[in-house]
Each structure stands twice: as structure tokens, then as C-alpha cells.
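Read the structure below first, then the notes.
Naming convention: chains lettered A, B, ... in sequence-line order (proteins, then strands); numbering from 1 in each chain. These numbers were taken from a predicted model, which means no experiment stands behind them.
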Amino acid sequence: MELYSTLSRSVEPFVTLNPDRVSLFVCGPTVYDYSHLGHARTYVAFDVLVKYLRWTGKEVFYLQNITDVDDKIINRAKEEGVSQNALSRKFENEYLRDMQSLGINAVSYYARATTHIPEIIDQVERLIARGVAYVSETGVYFNVDTFERNGELSGQDGTKRVSRVSDTSKNNPLDFVLWKIGEYGEYTWDSPWGRGRPGWHIEDTAISEKYFGQQYDIHGGGLDLIFPHHEAEIAQMESLEGKHPMVKYWLHTGFLTVKGEKMSKSLGNFITIRDALRTWNKDVLRYFILLSHYRSPLQATDEGIANAAKALEHIRAVAKKDTGVNREGRKAFTDAMESDLNTPMALAAIQALATSGDIGALKEFGEILGINFLRETSAPLSVLQDIRAELRARKQFDVADLIRERMVAAGINITDAPL
RNA sequence: GCCAAGGUGGCGGAGUGGCUACGCGGUUGACUGCAGAUCAACUACAUCCCGGUUCGAAUCCGGGCCUUGGCUCCA
């Protein structure tokens, strides 16, 4: 398989540290609000990647963190007059529910920041001992000047960057916080530097180091996390013992946009996953998402999703009688997946597989993509179908049409073949 | 200002040198108890602009224009 890595800015053969095992870390959400389609896009992409890798026989440990200690959580909890714990547990559950309803179930383990405080403190201590972090009145900071590869991932030259954060307690405005000293309500812990709470970037490296060690295969997340978040992760992890690279394959998903703008909570132009699911089902949403490459920007429009829904319906309508294995079609599918997870091309192969009637492939590949390409036929449904076929054969069209009317009214799509 | 991604037919969206996917839409026909679906064929003046390399470029190189994003929290 070949994957594009942001680190090398090129497509590279995917070679794992262990031949049959893949370690993958994806940045999870900060749980202070409902998740939107932008999140869905990212997590569907990694869900498909992992399912595909597993299908090829790899054992994948897919780790995802949950950021449950953060300014936004503190503020939101205060606004709503609830505890930080209650708020973050609520939206964590809502997030997991949304993921489930989108068929995203490949994650091996979800790790919360707040349950890894000892690991975080330990890592900060080691960074201080290495001489790459320092303690000031307001907290512990990472000294970016000690890390020569700073800016490697984002391609930005640190010296030209203008920080918009003015903080006199930092040596260099680009230094980032590892531990914030202060009282932050219930989510405040004792530490060697005083009571406080962890910075954002350290939680990910503490968690990933615990489960994977200092080097692992893939790190994923949205394009918006490259700077500063992923840069900071690299600086922290690689400063521990100098192991490089922390991760060779950095996979970043493109933005979901609305009218040309990035969908985000701060812009207020977001559609929550649950709202989207009121109009469209998960198969349609996944099909829509996978219709464009994971790194490309994806424009969210009703027309676009409706288009995807029609295309999916077409596949289901065509895929009826099983005519056996379509070798070229199957190869086209795997070739596409091998090529940096080219799902648009893979879906083109699915079209061909449907037309040629390779039901087995549709079922198998449908599981990788998390999309049901076959019409559901439950037992009662097929009994009704049989009865209608019989009625039509006897030319009792009034009764047959009545059944059809009722079925359509109940939301069951039904079409007749010519007699 | 710096950095990044991107500009492909009516629309969505693939494609890193020649033969240009796939889908939606549109047209025509076939089939059809009706509705729908399906099948076949066609459609589509498409590759942001200007140079260059090449026998040949959407694809490589140079310049420009435009869009979006990052440089503050963000999937």
C-alpha cells in the first residue's frame, strides 16, 4: 500500500515498524459540544483505512484520544452550571453515539486525557530533565529553540512566524505550554510544579507513548492540526530520547466546507452528525464522504449528498443476481485502496462490480467501506414480495398495487420487474 | 507578510506524459398491466492564464491570476 505523508509531502510505500502490526493514533475530539460532519469526514476516512488494513491481514491497534480537559470545556461547564466531568462525559457519550450511528467502529481503544495524568506528569518531568523544558511562574514550557527540526511538518520557518500570543513568562513566544499552573476547578491536579492541568499537546504524546512507545506507524487527524498541535507532538516525543521519526506517516484529512468555508464550530456553519442523520442514513453519508479523496476539500451541499444517495440507490438496484466473481473489478477496487486510499476510484470499481453482478465482492468490500451495497431483504419482506409476484402473475393488480402503496408509505422502496 | 492545499465537462469527482475514469443530470431507444426501476446508445465546446521542455502535457518546468485553509482553539 502507498500512503501520502505530510512529513515527506509525497506518496510513499507503507512500511510498518512491525511487519504484521500497525500502530495508529488519531486525534480525537475535544468533548464540549456535538460533533459535526467535518468530524465525520475525518473519522470515516480513518475507519475505512483501518478496516482495509485489517482486511489485508494486518493487525491494527487504532488508538484515539479524547480531550476532556480544556479551556472550552471549563468555560462551557461554567456557562451551563455543570461540572466539567458531567459536561465532558456527556459529550464524550454523544460523540461515541454519533460514531456508532455512522458505522465507525474500528477504534481499538479510546484514551481520555484525564485518566492519564500520571503519564503526562512523568513525561513533563523527563522533558525538564532533558533540558528542553523550563518552569516559569505560570507553568512549564517547552523550549522550541532546543528542537532543531521545529517546523519540519508544517514547512514553516519558525523565525518568520509571528506569534499572536503575548505571554511574558515565556522565553520565546513560540514556546508552548506543557503544564498550566493554577486552579481550574475540579480538573486540577497536584504536580511537582504546583497544582494545575496539562497543556493540550502533551496529552497525546503521553498517551501514545504509553501504548506504543516513542515511535509508531501512523498519526492522523485533520489538516488544521498540523500546526501547532502535531509540530508540538513531534518536538515533545522526539526530545525524550532523540528517536526520529516519531511517526513516518502523517495522514491529514482535508476540510469539509460549506459555501467555500471550512465547517467549524467557531464559524457556526456546522451541521451536526445527528441532524444530518435525520435526513440521510449512514450509508448515504459514508458514500458521499468517500466519493472524494480524503485529502481533498469536500463541499457539503444537499445536492451533493442527494447525488450520492441516487448513485447508491442505483448500485443497489443493479446488484441483484449473482453472476460470480469479477476478477478485474475486484482488482480495480484493491488497486484503488492501495493507492493512498483512493476511495473515489474504489467506488468506481464498486459500480463495475455491481453492474457485473459480483455480489460477494459487494458484500465484502461493503464491509470495508462501511456501506451496505445490497438491498436489505428481511424474511417478512421477501414473503410480501413473493405474494405480490404471485398476485401480479394472476393479474390481480389492484391488490398488488395496494400492497405496493402501503410498502412505499412505510418507507420501503419497491420496484417491479416487467412481467 | 510567511506556509500549505487546490483550480478538470451543466454538477460532483478521479487521473503524474500519449488511448481521459466513475457518478448525477440531459437526449434517444428498448422493456413495461400501471408507477418506478433496469438495459442500450448518445451527450457533454472540460483540464485557470501565459510561456517553456517534448514527436506528444490536465499530467513535467518557470511566471502569473484566483479560491480555501494554517500562522490563536479547531477533525
Side-chain angles (χ1 to χ4, degrees), chain A residues 6 9-11 26-30 32-33 35-46 64 67 70-73 75 95 151 153-166 174 176 200 220-229 231 252-257 259-267 270 287-288 290-299 301 303-318 320 332 336 339 342-352 354-355 392-393 395-398 400-401 404-405 408 413-419:
Chain A
T6 307
R9 307 227 172 256
S10 59
V11 177
V26 173
C27 290
T30 301
Y32 71 100
D33 205 342
S35 304
H36 56 68
L37 285 182
H39 299 105
R41 202 268 168 102
T42 292
Y43 298 122
V44 164
F46 288 107
Q64 193 173 113
T67 300
D70 178 86
D71 284 338
K72 294 194 174 182
I73 291 170
N75 295 337
Y95 167 70
L153 188 65
S154 61
Q156 297 200 69
D157 183 348
T159 56
K160 286 184 187 158
R161 210 151 45 213
V162 186
S163 176
R164 300 186 199 172
V165 191
S166 58
L174 296 175
F176 52 87
W200 176 34
L223 213 55
D224 46 359
L225 297 179
I226 294 173
F227 184 89
H229 189 51
E231 288 278 10
H252 292 103
T253 52
F255 294 126
L256 188 77
T257 58
K259 290 181 185 134
E261 282 185 313
K262 173 186 169 191
M263 178 180 286
S264 72
K265 287 173 188 170
S266 38
L267 284 170
F270 61 90
Y287 192 95
F288 169 69
L290 297 175
L291 217 40
S292 56
H293 187 82
Y294 72 88
R295 276 190 286 114
S296 307
L298 172 59
Q299 180 87 239
T301 61
E303 296 73 29
I305 303 176
N307 186 324
K310 280 181 201 157
L312 180 55
E313 255 322 297
H314 180 255
I315 288 172
R316 287 177 176 161
V318 171
K320 275 182 179 149
S339 172
N342 192 331
T343 54
M345 213 183 233
L347 288 175
I350 292 289
Q351 291 281 349
T355 308
R392 289 176 65 231
K395 305 216 185 293
Q396 300 183 17
F397 298 118
D398 50 341
D401 288 354
R404 181 170 66 194
E405 256 173 58
V408 169
N413 220 352
I414 173 169
T415 58
D416 291 329
L419 279 173

Upstream residue (5' side of RNA chain B) when A:F288 and A:R9 are each assigned their closest nucleotide: A:R9
Whichever of A:N342 and A:H39 has its nearest RNA chain B nucleotide further upstream toward 5': A:N342
Presence of donor-acceptor pair under 3.5 Å, side chain of A:K310 and base of B:C24: no
A:Y95: partners by ring pair (Phe, Tyr, Trp, His ring centres under 6.0 Å), with sequence neighbours left out: A:Y43
Residues in ring pair (Phe, Tyr, Trp, His ring centres under 6.0 Å) contact with A:H314, at least two apart in sequence or another chain: none
Partner nucleotide, any strand, of B:G6 [Watson-Crick/G-U, under 3.5 Å]: B:C66
Rounded distance in Å - CG (A:L153) to P (B:A5): 12 Å
Nearest-Å distance for atom pair CD/C1', residues A:Q396 and B:G33: 13 Å
Partners passing side-chain hydrogen bond (donor to acceptor under 3.5 Å, both in side chains) against A:R392 (at least two apart in sequence or in another chain): none
Sugar-phosphate only, base, or nothing, as touched by A:I350 at under 4.0 Å among non-hydrogen atoms: nothing
Sugar-phosphate only, base, or nothing, as touched by A:H293 at under 4.0 Å among non-hydrogen atoms: sugar-phosphate
Pi stacking test for A:F397 and B:G33: under 5.5 Å apart, planes under 30°: yes
Annotated protein contacts, base or backbone, on nucleotides 34-43 of chain B with a non-hydrogen cut-off under 4.0 Å, one of B, S, - each: BBBSSS----
With sequence neighbours excluded, residues passing side-chain contact (heavy atoms from CB on, under 4.5 Å) with A:A40: A:L37, A:L102, A:I273, A:I289
Salt bridge present between A:E313 and A:K310 (N-O < 4.0 angstrom): no
Side-chain N or O of A:N307 closer than 4.0 Å to phosphate OP1/OP2 of B:C11: no
Would you tabulate the pairs of protein nitrogen or oxygen atoms and nucleotide nitrogen or oxygen atoms of nucleotides 28-30 of chain B closer than 3.5 angstrom?
none

